[in-house]
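Written out below as structure tokens is the structure these notes cover.
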Amino acid sequence: VSVPVAPAPVPTPAPTVLELFAGAGGASLGLHEASFHALARVEWAPPEKCKPSRKYPAGLRPSAQTAAGSLRAAQADGGPLAPRPGHAPAVLLNEDAHRVDLSGFAGQVDLLWASPPCQPWSTAGSRLGEEDERDGWPAVLRAVDIVHPVYLLCENVPGLADKRGRPYLEGYLLPELRRRFAWVDWKILDAADFGVPQRRRRVFIAAGPGPMAWPVPTHTQAELVRAKWVDFTYWLEHGLADGAGCPGPGPVDHGVRNE
């Protein structure tokens, strides 16, 4: 008697991403863990930061060495960004994002990720906005026009959306994106709301053929209060339940009533 055998599942191709202003690879790692296949990563170490000096005998100043070197090391065999089986390593483009040739990736990009320099919009700087030569948003629009990604996801500092930055955001950037995508939205997210042990608020801009759902916070103040004083899961997860002086469930009366 022949037994029917189910056909082997056809592997789903990994979604592709092109990363602009990749930095030292923080977003690269998140995208890699989310199963994206990076086609290329663009991060420029300007020549003036690569000149040998007595202060930096390695040839690169620390900021440039970190950004350019960490991506290269992370993509090596055994590194956190090493390509998965069957995938080629991402092309590392140490070039100016405003001028880099991206034409070879046209029509291949599911997601364009960009993290333009924050200095033009940061409250810690001079806040020159579009007059700052480091304004990377024109490079983002240029990349969109060249590679025609299905989706776009970008991040920047909250100053882009405050009183001084919003005219640029709403008067220039968002209208330009709406000319290129059917759906565009933005939101300020705080890393602490998703389990990162620090407050880090960032503006995220998303665009694509249709609406995407924003992530729902998992570590809000309300959730912390519930975990501590309603179901006590906070103390259980941290191994503190019933400890001396700990308000976990048990015989110790800590003045908390759960009736």
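On a predicted model such as this, the values are computed, not experimentally measured, just so you know.
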By ring-ring contact (aromatic ring centres under 6.0 Å, His included) - contacts of [X] (at least two apart):
X: F181; result: none
X: Y172; result: Y168
X: H87; result: H37

For [X], check salt bridge (charged side-chain N to carboxylate O under 4.0 Å, His left out) against everything at least two apart and list the hits.
X: R199; value: D190
X: R164; value: none
X: R180; value: D145, E176

Please identify each residue that fulfils side chain to side chain contact (heavy atoms under 4.5 Å, CB included) with [X], with sequence neighbours left out.
X: P215; value: L189, F194
X: A191; value: V196, R200
X: P167; value: none

Does anything in residues 202-216 form a side-chain hydrogen bond (donor to acceptor under 3.5 Å, both in side chains)? List the pairs, not counting sequence neighbours.
D185-W214

Write out all pairs satisfying side-chain hydrogen bond (donor to acceptor under 3.5 Å, both in side chains) with one or both partners inside residues 97-106, taking only residues at least two apart or from two chains.
D96-R99, D101-S103

Validation: residues 15-33 side-chain donor-acceptor distances under 3.5 Å, sequence neighbours left out:
residue	atom	partner	partner atom	Å
T16	OG1	Q108	O	2.6
T16	OG1	D110	N	2.9
T16	OG1	D110	OD2	3.3
E19	OE1	S28	OG	2.4
E19	OE1	R41	NE	3.1
E19	OE2	R41	NE	3.2
S28	OG	R41	NE	3.3

Side-chain heavy atoms of W229 within contact of W235, under 4.5 Å
yes

4.5 Å side-chain heavy-atom contact, I205 and L169
yes

Please answer: with hydrophobic residues joined when any side-chain heavy atoms are less than 4.5 Å apart, are [X] and [Y] in the same cluster?
X: L111; Y: L39; result: no
X: F232; Y: Y234; result: yes
X: L153; Y: W183; result: yes

Using a cut-off of 6.0 Å, state whether more than 12 heavy atoms not belonging to E133 lie near its atom CD.
no

